[in-house]
Amino acid sequence: MSTATNSFPVIRREISGMSIDSIVQKYGTPCYVYDMATIKQKVNDLRAFDLIRYAQKACSNIAILDRLRRLGVVVDAVSAGEVHRALAAGYGPEGIVYTADVFDREALALVKKLGLHVNCGSPDMIEQLGQVQPGASVTLRVNPGFGHGHSQKTNTGGPQSKHGIWHGDIDRCLRLADLHNIVIDGLHMHIGSGTDLEHLSQVCDALERVAKQIGRTITTISAGGGLPVPYRVGQSYVDIDKYFQLWDQTRKRLEKDFGHAIRMEIEPGRYLVAESGYLIAEIRAVKNMGENRFYLLDAGFNDLARPILYGAYHPISIYHRGAVPSADALFDTVVGGPLCESGDIFTQEEGGFVAKRALPPASIGDYLILEVAGAYGFVMSSNYNGRFRAPEVLIEDGQLHCIRERETFDDLIRGEKIPAAPIG
Ligand SMILES: *Cc1c(COP(=O)(O)O)cnc(C)c1O
(Lines give C-alpha, C1' and ligand atoms only; values in the text may rest on other atoms or scores of the structure.)
Protein backbone atom coordinates (compact mmCIF):
# COMPACT_ATOMS: atom_id res chain seq x y z
CA MET A 1 0.00 0.00 0.00
CA SER A 2 1.17 3.49 -0.72
CA THR A 3 -0.34 6.93 -0.52
CA ALA A 4 2.96 8.55 -1.48
CA THR A 5 2.85 11.08 -4.27
CA ASN A 6 4.95 10.51 -7.32
CA SER A 7 7.69 12.55 -8.89
CA PHE A 8 8.79 12.11 -12.46
CA PRO A 9 12.28 12.89 -13.78
CA VAL A 10 12.57 15.09 -16.89
CA ILE A 11 15.95 13.60 -17.71
CA ARG A 12 16.22 9.84 -17.86
CA ARG A 13 19.21 7.61 -18.59
CA GLU A 14 17.80 4.17 -17.97
CA ILE A 15 14.70 2.06 -17.43
CA SER A 16 14.99 -0.52 -14.66
CA GLY A 17 18.77 -0.56 -14.98
CA MET A 18 18.85 -0.88 -18.78
CA SER A 19 20.39 2.07 -20.59
CA ILE A 20 17.94 3.68 -22.97
CA ASP A 21 20.64 3.89 -25.62
CA SER A 22 21.14 0.11 -25.47
CA ILE A 23 17.41 -0.48 -25.87
CA VAL A 24 17.24 1.79 -28.92
CA GLN A 25 20.40 0.25 -30.44
CA LYS A 26 18.63 -3.08 -30.37
CA TYR A 27 15.04 -2.25 -31.22
CA GLY A 28 14.98 1.22 -32.78
CA THR A 29 12.28 3.84 -32.20
CA PRO A 30 9.42 4.17 -31.57
CA CYS A 31 9.44 1.28 -29.14
CA TYR A 32 7.33 0.20 -26.16
CA VAL A 33 9.20 -1.06 -23.11
CA TYR A 34 7.64 -2.79 -20.09
CA ASP A 35 9.37 -3.42 -16.79
CA MET A 36 8.34 -6.77 -15.32
CA ALA A 37 9.51 -5.85 -11.80
CA THR A 38 6.92 -3.05 -11.67
CA ILE A 39 4.13 -5.39 -12.79
CA LYS A 40 5.11 -7.91 -10.09
CA GLN A 41 5.07 -5.24 -7.45
CA LYS A 42 1.61 -4.08 -8.53
CA VAL A 43 0.28 -7.63 -8.36
CA ASN A 44 1.68 -7.97 -4.86
CA ASP A 45 -0.07 -4.74 -3.80
CA LEU A 46 -3.41 -6.48 -4.39
CA ARG A 47 -2.75 -9.88 -2.77
CA ALA A 48 -5.32 -9.21 -0.03
CA PHE A 49 -8.08 -9.97 -2.54
CA ASP A 50 -9.01 -13.63 -3.04
CA LEU A 51 -8.50 -13.35 -6.75
CA ILE A 52 -6.88 -10.83 -9.07
CA ARG A 53 -8.43 -10.83 -12.51
CA TYR A 54 -6.46 -8.84 -15.07
CA ALA A 55 -8.52 -6.80 -17.55
CA GLN A 56 -6.26 -7.63 -20.48
CA LYS A 57 -7.61 -4.92 -22.73
CA ALA A 58 -5.17 -2.56 -20.97
CA CYS A 59 -2.15 -4.39 -22.44
CA SER A 60 -2.81 -7.76 -24.01
CA ASN A 61 0.55 -8.98 -25.30
CA ILE A 62 0.63 -12.74 -24.70
CA ALA A 63 4.02 -12.51 -22.95
CA ILE A 64 2.51 -10.16 -20.36
CA LEU A 65 -0.47 -12.50 -20.00
CA ASP A 66 1.87 -15.47 -19.57
CA ARG A 67 3.82 -13.74 -16.82
CA LEU A 68 0.65 -12.68 -15.01
CA ARG A 69 -0.65 -16.25 -15.23
CA ARG A 70 2.56 -17.46 -13.59
CA LEU A 71 1.94 -14.97 -10.79
CA GLY A 72 -1.47 -16.55 -10.16
CA VAL A 73 -3.49 -13.78 -11.80
CA VAL A 74 -6.54 -14.84 -13.85
CA VAL A 75 -7.87 -12.92 -16.80
CA ASP A 76 -10.83 -11.04 -18.20
CA ALA A 77 -11.66 -11.12 -21.91
CA VAL A 78 -14.02 -8.72 -23.67
CA SER A 79 -14.04 -10.37 -27.10
CA ALA A 80 -13.43 -13.67 -28.85
CA GLY A 81 -10.00 -12.34 -29.82
CA GLU A 82 -9.09 -11.72 -26.19
CA VAL A 83 -10.26 -15.23 -25.27
CA HIS A 84 -7.87 -16.59 -27.92
CA ARG A 85 -5.07 -14.40 -26.54
CA ALA A 86 -5.61 -15.84 -23.07
CA LEU A 87 -5.56 -19.40 -24.44
CA ALA A 88 -2.36 -18.62 -26.39
CA ALA A 89 -0.80 -17.43 -23.13
CA GLY A 90 -1.53 -20.77 -21.47
CA TYR A 91 -4.76 -20.04 -19.61
CA GLY A 92 -7.35 -22.80 -19.44
CA PRO A 93 -11.06 -21.95 -19.78
CA GLU A 94 -11.38 -21.88 -15.98
CA GLY A 95 -9.00 -18.91 -15.81
CA ILE A 96 -11.01 -16.78 -18.23
CA VAL A 97 -14.19 -14.77 -17.75
CA TYR A 98 -15.95 -13.22 -20.72
CA THR A 99 -17.21 -9.74 -19.80
CA ALA A 100 -19.20 -7.61 -22.22
CA ASP A 101 -22.48 -5.85 -22.82
CA VAL A 102 -23.19 -7.93 -25.92
CA PHE A 103 -22.35 -11.35 -27.33
CA ASP A 104 -21.27 -11.06 -30.89
CA ARG A 105 -21.92 -14.37 -32.64
CA GLU A 106 -18.27 -15.39 -32.57
CA ALA A 107 -17.93 -14.77 -28.84
CA LEU A 108 -21.14 -16.67 -28.03
CA ALA A 109 -19.94 -19.69 -30.05
CA LEU A 110 -16.59 -19.63 -28.23
CA VAL A 111 -18.21 -19.26 -24.80
CA LYS A 112 -20.36 -22.30 -25.59
CA LYS A 113 -17.47 -24.35 -26.94
CA LEU A 114 -15.17 -23.67 -23.97
CA GLY A 115 -17.88 -23.39 -21.31
CA LEU A 116 -16.56 -19.99 -20.24
CA HIS A 117 -17.95 -18.12 -17.31
CA VAL A 118 -19.79 -14.99 -18.43
CA ASN A 119 -20.18 -11.63 -16.75
CA CYS A 120 -23.36 -10.25 -18.32
CA GLY A 121 -23.70 -6.54 -19.02
CA SER A 122 -27.17 -6.74 -20.60
CA PRO A 123 -30.30 -8.74 -19.69
CA ASP A 124 -30.34 -10.01 -23.30
CA MET A 125 -27.11 -11.87 -22.66
CA ILE A 126 -28.82 -14.03 -20.01
CA GLU A 127 -31.37 -15.11 -22.57
CA GLN A 128 -28.81 -15.71 -25.32
CA LEU A 129 -26.56 -17.71 -23.01
CA GLY A 130 -29.52 -19.72 -21.74
CA GLN A 131 -30.23 -20.81 -25.29
CA VAL A 132 -26.76 -22.28 -25.84
CA GLN A 133 -25.72 -23.18 -22.29
CA PRO A 134 -28.72 -23.91 -20.05
CA GLY A 135 -27.65 -24.58 -16.47
CA ALA A 136 -24.73 -22.14 -16.65
CA SER A 137 -23.97 -19.77 -13.83
CA VAL A 138 -23.25 -16.12 -14.54
CA THR A 139 -22.22 -12.95 -12.80
CA LEU A 140 -24.03 -9.72 -13.51
CA ARG A 141 -22.32 -6.44 -14.16
CA VAL A 142 -24.60 -3.89 -12.56
CA ASN A 143 -24.85 -0.19 -13.31
CA PRO A 144 -25.83 1.31 -9.94
CA GLY A 145 -27.18 4.48 -11.56
CA PHE A 146 -24.13 6.64 -10.97
CA GLY A 147 -20.58 6.61 -12.23
CA HIS A 148 -17.14 8.06 -11.99
CA GLY A 149 -14.31 8.55 -14.44
CA HIS A 150 -11.46 10.85 -15.31
CA SER A 151 -13.36 11.82 -18.47
CA GLN A 152 -16.81 11.29 -19.98
CA LYS A 153 -15.24 8.61 -22.15
CA THR A 154 -13.96 6.61 -19.20
CA ASN A 155 -17.04 6.98 -17.02
CA THR A 156 -18.78 3.62 -16.97
CA GLY A 157 -21.77 4.14 -14.66
CA GLY A 158 -24.92 6.27 -14.65
CA PRO A 159 -27.70 6.74 -17.17
CA GLN A 160 -25.38 7.91 -19.95
CA SER A 161 -23.25 4.78 -19.77
CA LYS A 162 -23.89 1.84 -22.09
CA HIS A 163 -22.24 -0.52 -19.59
CA GLY A 164 -23.85 -3.00 -17.28
CA ILE A 165 -27.37 -3.92 -16.24
CA TRP A 166 -29.45 -1.05 -14.92
CA HIS A 167 -30.00 -1.47 -11.17
CA GLY A 168 -33.77 -1.30 -11.68
CA ASP A 169 -33.66 -4.27 -14.06
CA ILE A 170 -32.56 -6.88 -11.52
CA ASP A 171 -36.00 -8.43 -11.08
CA ARG A 172 -36.29 -8.86 -14.80
CA CYS A 173 -32.87 -10.55 -14.85
CA LEU A 174 -33.96 -12.93 -12.10
CA ARG A 175 -37.03 -13.90 -14.13
CA LEU A 176 -34.95 -14.35 -17.30
CA ALA A 177 -32.47 -16.48 -15.39
CA ASP A 178 -35.26 -18.71 -14.04
CA LEU A 179 -36.81 -19.03 -17.45
CA HIS A 180 -33.50 -20.10 -19.02
CA ASN A 181 -32.19 -22.20 -16.16
CA ILE A 182 -29.32 -19.81 -15.40
CA VAL A 183 -27.92 -19.27 -11.91
CA ILE A 184 -26.72 -15.80 -10.90
CA ASP A 185 -23.74 -16.55 -8.66
CA GLY A 186 -21.94 -13.24 -8.59
CA LEU A 187 -22.07 -9.49 -8.88
CA HIS A 188 -19.69 -7.08 -10.45
CA MET A 189 -19.47 -3.32 -10.44
CA HIS A 190 -16.95 -1.59 -12.60
CA ILE A 191 -18.02 1.97 -12.84
CA GLY A 192 -15.09 3.88 -14.15
CA SER A 193 -11.46 4.72 -13.98
CA GLY A 194 -10.43 7.14 -11.29
CA THR A 195 -12.17 5.82 -8.20
CA ASP A 196 -11.92 7.76 -4.96
CA LEU A 197 -12.72 6.26 -1.59
CA GLU A 198 -15.74 8.38 -0.79
CA HIS A 199 -17.30 7.39 -4.05
CA LEU A 200 -16.33 3.79 -3.45
CA SER A 201 -18.39 3.42 -0.31
CA GLN A 202 -21.45 4.38 -2.36
CA VAL A 203 -20.53 1.64 -4.84
CA CYS A 204 -20.17 -0.91 -2.05
CA ASP A 205 -23.56 0.03 -0.61
CA ALA A 206 -25.18 -0.27 -4.03
CA LEU A 207 -23.61 -3.67 -4.60
CA GLU A 208 -24.83 -4.86 -1.21
CA ARG A 209 -28.41 -3.80 -1.97
CA VAL A 210 -28.41 -5.61 -5.31
CA ALA A 211 -26.78 -8.72 -3.79
CA LYS A 212 -29.55 -8.93 -1.20
CA GLN A 213 -32.15 -8.54 -3.92
CA ILE A 214 -30.66 -11.52 -5.76
CA GLY A 215 -30.12 -13.58 -2.62
CA ARG A 216 -28.17 -16.61 -1.51
CA THR A 217 -27.00 -17.82 -4.91
CA ILE A 218 -24.35 -15.07 -4.74
CA THR A 219 -20.92 -16.52 -3.96
CA THR A 220 -18.63 -13.98 -5.65
CA ILE A 221 -18.40 -10.22 -5.68
CA SER A 222 -16.04 -8.25 -7.88
CA ALA A 223 -14.72 -4.80 -7.14
CA GLY A 224 -14.17 -4.30 -10.86
CA GLY A 225 -11.26 -2.24 -12.15
CA GLY A 226 -10.70 1.47 -12.17
CA LEU A 227 -7.90 1.72 -9.61
CA PRO A 228 -6.13 4.90 -10.65
CA VAL A 229 -2.40 5.50 -10.96
CA PRO A 230 -0.69 8.88 -10.71
CA TYR A 231 0.17 10.38 -14.08
CA ARG A 232 1.23 13.78 -12.74
CA VAL A 233 3.51 15.10 -10.08
CA GLY A 234 1.48 15.50 -6.91
CA GLN A 235 -1.18 12.91 -7.73
CA SER A 236 -1.31 10.04 -5.28
CA TYR A 237 -2.22 6.37 -5.20
CA VAL A 238 -5.46 5.14 -3.73
CA ASP A 239 -4.92 3.72 -0.27
CA ILE A 240 -5.21 0.02 -1.18
CA ASP A 241 -5.66 -1.04 2.46
CA LYS A 242 -8.65 1.24 2.87
CA TYR A 243 -9.98 0.22 -0.52
CA PHE A 244 -9.78 -3.42 0.51
CA GLN A 245 -11.33 -2.73 3.94
CA LEU A 246 -14.38 -1.08 2.40
CA TRP A 247 -15.02 -4.02 0.09
CA ASP A 248 -14.24 -6.50 2.86
CA GLN A 249 -16.87 -4.94 5.12
CA THR A 250 -19.43 -5.37 2.37
CA ARG A 251 -18.31 -8.95 1.85
CA LYS A 252 -18.57 -9.73 5.58
CA ARG A 253 -22.07 -8.27 5.84
CA LEU A 254 -23.17 -10.41 2.91
CA GLU A 255 -21.51 -13.52 4.38
CA LYS A 256 -23.40 -12.96 7.62
CA ASP A 257 -26.64 -12.43 5.76
CA PHE A 258 -26.28 -15.41 3.46
CA GLY A 259 -24.54 -17.78 5.85
CA HIS A 260 -21.82 -18.79 3.40
CA ALA A 261 -18.40 -17.61 2.23
CA ILE A 262 -18.18 -14.94 -0.47
CA ARG A 263 -15.15 -14.74 -2.70
CA MET A 264 -13.89 -11.24 -3.44
CA GLU A 265 -12.24 -10.46 -6.76
CA ILE A 266 -10.62 -7.34 -8.08
CA GLU A 267 -10.32 -6.67 -11.81
CA PRO A 268 -7.70 -4.06 -12.57
CA GLY A 269 -6.25 -3.24 -15.95
CA ARG A 270 -4.46 0.07 -15.68
CA TYR A 271 -3.19 -0.46 -12.13
CA LEU A 272 -1.16 -3.55 -13.00
CA VAL A 273 0.57 -2.30 -16.14
CA ALA A 274 0.40 1.49 -16.61
CA GLU A 275 3.53 2.36 -14.68
CA SER A 276 5.55 -0.49 -16.15
CA GLY A 277 5.34 0.98 -19.65
CA TYR A 278 7.40 3.53 -21.59
CA LEU A 279 7.16 4.65 -25.19
CA ILE A 280 10.60 5.65 -26.46
CA ALA A 281 10.68 7.93 -29.51
CA GLU A 282 13.38 9.91 -31.28
CA ILE A 283 13.24 13.68 -31.65
CA ARG A 284 13.35 14.28 -35.42
CA ALA A 285 12.70 18.03 -35.59
CA VAL A 286 13.02 20.97 -33.22
CA LYS A 287 11.29 24.08 -34.46
CA ASN A 288 9.79 27.34 -33.32
CA MET A 289 6.33 28.46 -34.43
CA GLY A 290 5.75 32.00 -33.21
CA GLU A 291 6.12 31.83 -29.45
CA ASN A 292 5.90 28.02 -29.37
CA ARG A 293 8.77 25.61 -29.43
CA PHE A 294 8.07 22.13 -30.82
CA TYR A 295 9.76 18.77 -30.48
CA LEU A 296 8.49 16.53 -33.25
CA LEU A 297 8.93 12.79 -32.78
CA ASP A 298 8.90 9.64 -34.85
CA ALA A 299 5.94 8.43 -32.71
CA GLY A 300 2.42 9.77 -33.14
CA PHE A 301 -1.11 9.17 -31.93
CA ASN A 302 -1.11 5.99 -33.97
CA ASP A 303 1.36 4.74 -31.31
CA LEU A 304 -0.18 6.34 -28.21
CA ALA A 305 -3.74 7.59 -28.57
CA ARG A 306 -4.60 8.58 -25.00
CA PRO A 307 -3.70 12.26 -25.39
CA ILE A 308 -5.81 12.76 -28.51
CA LEU A 309 -8.64 10.57 -27.20
CA TYR A 310 -8.97 11.92 -23.66
CA GLY A 311 -6.52 14.79 -23.38
CA ALA A 312 -4.59 12.35 -21.19
CA TYR A 313 -1.37 13.55 -19.59
CA HIS A 314 1.78 11.43 -19.79
CA PRO A 315 4.98 12.33 -17.95
CA ILE A 316 7.77 13.08 -20.43
CA SER A 317 11.53 12.70 -20.06
CA ILE A 318 14.50 13.15 -22.37
CA TYR A 319 17.53 10.96 -22.97
CA HIS A 320 20.39 13.12 -24.26
CA ARG A 321 22.83 11.42 -26.56
CA GLY A 322 25.37 14.20 -26.10
CA ALA A 323 26.12 16.31 -23.05
CA VAL A 324 23.40 16.13 -20.41
CA PRO A 325 22.10 19.60 -19.49
CA SER A 326 21.12 20.67 -16.01
CA ALA A 327 17.66 19.46 -15.03
CA ASP A 328 16.92 23.00 -13.81
CA ALA A 329 17.00 24.66 -17.23
CA LEU A 330 13.53 23.89 -18.55
CA PHE A 331 11.66 25.43 -21.48
CA ASP A 332 7.97 25.33 -22.29
CA THR A 333 7.69 22.94 -25.20
CA VAL A 334 4.96 21.39 -27.33
CA VAL A 335 5.51 17.73 -28.22
CA GLY A 336 3.99 16.32 -31.41
CA GLY A 337 4.25 13.41 -33.78
CA PRO A 338 4.76 12.84 -37.50
CA LEU A 339 1.16 12.31 -38.61
CA CYS A 340 -0.56 14.49 -41.19
CA GLU A 341 -3.17 15.55 -38.68
CA SER A 342 -3.02 18.69 -36.55
CA GLY A 343 -4.30 16.76 -33.52
CA ASP A 344 -1.10 14.72 -33.43
CA ILE A 345 0.09 16.41 -30.24
CA PHE A 346 1.11 14.55 -27.07
CA THR A 347 0.88 17.65 -24.90
CA GLN A 348 -2.81 18.43 -25.29
CA GLU A 349 -5.67 18.87 -22.90
CA GLU A 350 -9.19 17.51 -23.16
CA GLY A 351 -10.94 19.31 -26.01
CA GLY A 352 -7.73 19.33 -28.07
CA PHE A 353 -6.18 22.47 -26.61
CA VAL A 354 -2.43 22.48 -27.22
CA ALA A 355 -0.52 22.68 -23.95
CA LYS A 356 3.17 23.19 -23.22
CA ARG A 357 5.43 21.12 -21.05
CA ALA A 358 8.52 22.30 -19.17
CA LEU A 359 11.27 20.17 -20.73
CA PRO A 360 15.05 20.31 -20.92
CA PRO A 361 16.69 21.54 -24.12
CA ALA A 362 17.19 18.73 -26.62
CA SER A 363 18.55 18.13 -30.09
CA ILE A 364 17.62 16.01 -33.03
CA GLY A 365 18.63 12.43 -32.32
CA ASP A 366 17.90 12.66 -28.60
CA TYR A 367 15.20 10.34 -27.31
CA LEU A 368 11.95 11.43 -25.74
CA ILE A 369 10.20 9.02 -23.42
CA LEU A 370 6.44 9.07 -22.85
CA GLU A 371 6.03 7.48 -19.44
CA VAL A 372 3.26 5.61 -17.59
CA ALA A 373 2.32 4.31 -21.05
CA GLY A 374 1.82 0.61 -20.27
CA ALA A 375 -1.99 0.75 -20.08
CA TYR A 376 -4.13 1.61 -23.12
CA GLY A 377 -0.92 2.36 -25.00
CA PHE A 378 0.21 -0.19 -27.56
CA VAL A 379 -3.22 -1.88 -27.56
CA MET A 380 -4.81 1.25 -29.04
CA SER A 381 -2.12 1.72 -31.67
CA SER A 382 -2.99 1.64 -35.36
CA ASN A 383 -1.53 1.72 -38.85
CA TYR A 384 -2.94 5.17 -39.60
CA ASN A 385 -0.81 7.08 -42.10
CA GLY A 386 0.71 3.79 -43.23
CA ARG A 387 2.81 3.48 -40.11
CA PHE A 388 4.16 0.21 -38.75
CA ARG A 389 3.12 -0.58 -35.23
CA ALA A 390 6.00 -0.41 -32.76
CA PRO A 391 7.83 -3.35 -31.20
CA GLU A 392 7.20 -4.27 -27.57
CA VAL A 393 10.10 -5.14 -25.30
CA LEU A 394 10.00 -6.70 -21.83
CA ILE A 395 12.70 -6.06 -19.25
CA GLU A 396 12.93 -9.01 -16.89
CA ASP A 397 15.74 -9.89 -14.49
CA GLY A 398 18.16 -7.55 -16.25
CA GLN A 399 17.41 -8.96 -19.70
CA LEU A 400 15.69 -7.45 -22.71
CA HIS A 401 13.15 -9.67 -24.47
CA CYS A 402 11.44 -8.73 -27.71
CA ILE A 403 7.80 -9.72 -27.10
CA ARG A 404 6.51 -8.27 -30.34
CA GLU A 405 8.46 -7.34 -33.45
CA ARG A 406 8.09 -4.09 -35.30
CA GLU A 407 5.63 -4.49 -38.15
CA THR A 408 6.80 -4.62 -41.73
CA PHE A 409 5.30 -3.59 -45.04
CA ASP A 410 3.91 -7.13 -45.42
CA ASP A 411 1.97 -6.68 -42.16
CA LEU A 412 0.68 -3.36 -43.42
CA ILE A 413 -0.99 -4.77 -46.53
CA ARG A 414 -1.85 -8.23 -45.18
CA GLY A 415 -5.25 -9.29 -46.50
CA GLU A 416 -5.53 -6.49 -49.06
CA LYS A 417 -6.28 -7.48 -52.64
CA ILE A 418 -6.41 -5.66 -55.96
CA PRO A 419 -9.27 -7.04 -58.06
CA ALA A 420 -8.71 -7.60 -61.78
CA ALA A 421 -8.99 -4.30 -63.63
CA PRO A 422 -12.43 -3.68 -65.15
CA ILE A 423 -12.50 -4.29 -68.89
CA GLY A 424 -12.79 -1.22 -71.13
C1 LIG B 1 -11.71 -1.87 -18.70
C2 LIG B 1 -12.25 -2.76 -17.68
C3 LIG B 1 -11.54 -3.00 -16.50
C4 LIG B 1 -10.22 -2.35 -16.18
O5 LIG B 1 -10.33 -0.98 -16.02
P6 LIG B 1 -9.04 -0.19 -15.50
O7 LIG B 1 -9.53 1.21 -15.36
O8 LIG B 1 -8.00 -0.33 -16.54
O9 LIG B 1 -8.64 -0.80 -14.21
C10 LIG B 1 -12.08 -3.89 -15.59
N11 LIG B 1 -13.24 -4.52 -15.84
C12 LIG B 1 -13.94 -4.31 -16.97
C13 LIG B 1 -15.20 -5.04 -17.18
C14 LIG B 1 -13.47 -3.44 -17.92
O15 LIG B 1 -14.18 -3.24 -19.04
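Just follow the structure's listing: the first ligand is 1, and inside any ligand the first atom is 1.
- Aromatic pair Tyr278/Tyr32: centroids not less than 6.0 angstrom apart.
- Ligand-side atoms of ligand 1 in range of Gly225: 9 (O), 10 (C), range being under 4.0 angstrom from any heavy atom.
- Salt bridge Lys57/Glu82: absent, no basic N to carboxylate O contact under 4.0 Å.
- Atoms of ligand 1 lying under 4.0 Å from any heavy atom of Ala55, numbered from 1 in the order shown and given with element: 3 (C), 4 (C), 10 (C).
- For ligand 1 and Tyr376, the ligand atoms under 4.0 Å from any heavy atom of the residue are 1 (C), 4 (C), 5 (O), 6 (P), 8 (O).
- Contacts with ligand 1 closer than 4.0 Å are made by heavy atoms of both the backbone and the side chain of Glu267.
- Of all atoms in ligand 1, numbered sequentially from 1 with element shown, those under 4.0 Å from a heavy atom of Thr99 are 13 (C).
- Close approach of ligand 1 to Arg270 is summarised as follows: ligand atoms under 4.0 Å from at least one heavy atom of the residue are 6 (P), 8 (O), 9 (O).
- In the candidate list His188, His190, Met189, His190 is nearest to atom 5 (O) of ligand 1, counting heavy atoms.
- In summary, Arg263 and Glu265 engage in a salt bridge, as defined by a charged side-chain N under 4.0 Å from a carboxylate O.
- Taking every heavy atom of Pro268 and a limit of under 4.0 angstrom, the matching atoms of ligand 1 come to 9 (O).
- Atoms of ligand 1 lying under 4.0 Å from at least one heavy atom of Arg141, given by number and element, are 13 (C).
- Between Tyr98 and His117, the ring center distance fails the sub-6.0 Å criterion.
- The aromatic ring centroids of His199 and Phe146 lie less than 6.0 Å from each other.
- Every atom of ligand 1 with a heavy atom of Gly226 under 4.0 Å away is listed here by number and element: 5 (O), 6 (P), 7 (O), 9 (O).
- For Thr139 and Asn119, the side-chain atoms include at least one donor-acceptor pair closer than 3.5 Å.
- Among the atoms of Gly269, some N or O lies under 3.5 angstrom from an N or O of ligand 1.
- Considering backbone and side-chain atoms alike, Lys57 places an N or O below 3.5 Å from some N or O of ligand 1.
- Checked for salt-bridge contact, Arg172 and Asp169 meet the test: a charged N lies under 4.0 Å from a carboxylate O.
- Between Pro228 and Val238 there is a side-chain heavy-atom pair separated by less than 4.5 Å.
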